[in-house]
Amino acid sequence: MDKLIIEGGRELHGKVTVSGAKNAALPLLAATLIAPGDHILHNVPDLRDTRTMLKVMETLGAVWERNGTTIWVNTTNLTGAEAPYELVKTMRASVLVLGPLLAREGYARVSLPGGCAIGARPINFHLRGFEQLGVETTLTSGYVEASVKENLRGSVVYFDTPSVTGTENILMASVTAKGTTIIKNAAREPEVGNLIDMLNLMGAEIMGRDSDFLTVNGVDNLKPVETTIMPDRIETGTYIIAVAATGGDVEIEGCNPSHLPSLVEKMRNAGVHIEAGESSFTVKGNGLRSVDIRTMPYPGFPTDLQAQFMALMCFAEGVSVIHETIFENRFMHVAELQRMGADIKVDGATAIIKGKKREEICGAQVMATDLRASASLVIAALAAQGKTEISRIYHLERGYENMVEKLQKLGAVINKVRE
Ligand code: EPZ
């Protein structure tokens, strides 16, 4: 397995360009299964997770080719409707093929994704939503079998709490249902909007983009499409936080500043100089004040930036209180940060971080446990004094394209070595 070696204590300077959004690429790739023909998706990041989604689609009969950040996919001859355990267990977002397969074939057999490091992450909302649309779901030996006799029928689907992939799955299943589907308490994340734009371009009739109330008028069929993946707002936020932690002056290009309202507010409260351009941020490290955050569905503070923000607060002046309200076990990074000298106390879903001086937080051997926890450790290692070794970095490579090269270009001393 590979590990990262980071020499901390250096400022970051220069320019970095963000890649396409992992959490938009996954549903948009899955959506190509709904309409047979040639699809073209631009700005698709080359990540472990997008490669897994393409493998799942191959097992279903899709063929694809990558040319730089553009992917061509042909989904004319689907040869199967089953997403196997060995793929789904490596990426739970494989469940996103359920909606498209139901819309296209009226049948799907997908391995139930297990839990993951950050929580149990059930898909009961997805299954209940499909049942509202007339789908029968059964669970046999770890697989969900979903089938519908005639057509899916429009209905009202209500989410107890907003679910990003739940909303995406119901949207993709409902586009060719007979009648109108209303989705209440829908997720409002920008990635859902990116999917709605793609489905409407394919001929769907979806109203209510960016709201928690979506209306889908079923149409007879959809046509293949050419579209573009939105910039990755979580990668953008990760680099904003990294610059704030190390000090320095960086321009982050190719992003959509309107997608990070809560982070920008919190960075300014923390004393960081951050300016938004048309499609860029300029971030200048400054003194750091402690700030409290509570993770919430969009447009609240993203849970996918909680671990990174906690690493930042380890270097701030004062005490920061972080509430994680979305996932029940998303503090796996705490123990690793404590090994570097961070002063963090956890009480249930609340973490209390007492900031320390830079020289009091030292490099160490640490272990990545999940995607965003690994980003948190990279940020802490960049800002800490001395050398840090991060093992199990396959977690990081699920969601960050060329992170080592991008950070080296900004002046970080970071290298990947084989363990
Ligand atoms: C998406 O996961 C993202 N993944 C996650 O990003 C992100 O953390 C999460 O949304 C929240 O923003 C992708 O988009 C591929 P949810 P998802 O359904 O859709 C509960 C990353 O780091 N819930 O919005 O799986 C669930 O347990 C990843 O890039 C149910 O109880 O998250 C959680 O507490 C991590 N039953 C809450 O809802 C369900 O059927 C929100 O989960 C579905 C969800």
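Atoms within each ligand, like the ligands themselves, are counted from 1 in listed order. On a predicted model such as this, the values are computed, not experimentally measured, just so you know. In what follows, residues are counted from 1 in the order of the sequence shown.
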Where Glu397 and Lys416 come nearest, the two heavy atoms and their spacing: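 Here Glu397 and Lys416 meet closest at OE2-NZ, 2.8 Å.
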Could you pull out every N or O of ligand 1 that sits under 3.5 Å from a protein N or O, with the distance for each pair?
| residue | atom | partner | partner atom | Å |
| --- | --- | --- | --- | --- |
| ligand 1 | 2 (O) | Arg121 | NH2 | 3.2 |
| ligand 1 | 6 (O) | Asn23 | ND2 | 3.3 |
| ligand 1 | 6 (O) | Asp304 | OD2 | 3.0 |
| ligand 1 | 8 (O) | Asp304 | OD1 | 2.6 |
| ligand 1 | 8 (O) | Asp304 | OD2 | 3.4 |
| ligand 1 | 8 (O) | Arg330 | NH1 | 3.4 |
| ligand 1 | 18 (O) | Ser163 | OG | 2.7 |
| ligand 1 | 19 (O) | Thr165 | N | 2.8 |
| ligand 1 | 19 (O) | Thr165 | OG1 | 2.6 |
| ligand 1 | 22 (O) | Arg330 | NH2 | 3.3 |
| ligand 1 | 22 (O) | Arg372 | NE | 2.9 |
| ligand 1 | 24 (O) | Val164 | N | 2.9 |
| ligand 1 | 25 (O) | Arg121 | NH2 | 3.0 |
| ligand 1 | 29 (O) | Lys22 | NZ | 3.0 |
| ligand 1 | 29 (O) | Asn23 | ND2 | 3.0 |
| ligand 1 | 29 (O) | Arg372 | NH2 | 2.8 |
| ligand 1 | 34 (O) | Ile326 | O | 2.6 |
| ligand 1 | 36 (N) | Pro122 | O | 3.4 |
| ligand 1 | 36 (N) | Asn124 | OD1 | 2.7 |
| ligand 1 | 40 (O) | Pro122 | O | 3.3 |
| ligand 1 | 40 (O) | Asn124 | N | 3.1 |
| ligand 1 | 40 (O) | Asn124 | OD1 | 3.2 |
| ligand 1 | 40 (O) | Phe125 | N | 2.7 |

Salt-bridge test for Arg109 and Glu145: reply yes if a basic N is under 4.0 Å from a carboxylate O, no otherwise.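 Salt bridge flag = yes for Glu145 with Arg109.
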Can you tell if the side chain of Glu136 reaches within under 4.5 Å of the side chain of Lys149, non-hydrogen atoms only?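 Yes - at least one pair of side-chain heavy atoms lies under 4.5 Å apart.
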Do Trp72 and Val63 have side chains that approach each other closer than 4.5 Å (heavy atoms only, starting at C-beta)?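 With C-beta onward as the side chain, the pair touches.
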Picking from Arg330, Arg233, Lys22, what satisfies salt bridge (Lys or Arg N to Asp or Glu O under 4.0 Å) with Asp304?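 That would be Arg330; it is the only one of Arg330, Arg233, Lys22 passing the salt bridge (Lys or Arg N to Asp or Glu O under 4.0 Å) with Asp304.
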Tell me if the centroids of the rings in Phe309 and Phe301 come within less than 6.0 Å of each other.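 Yes: the rings meet the under 6.0 Å criterion.
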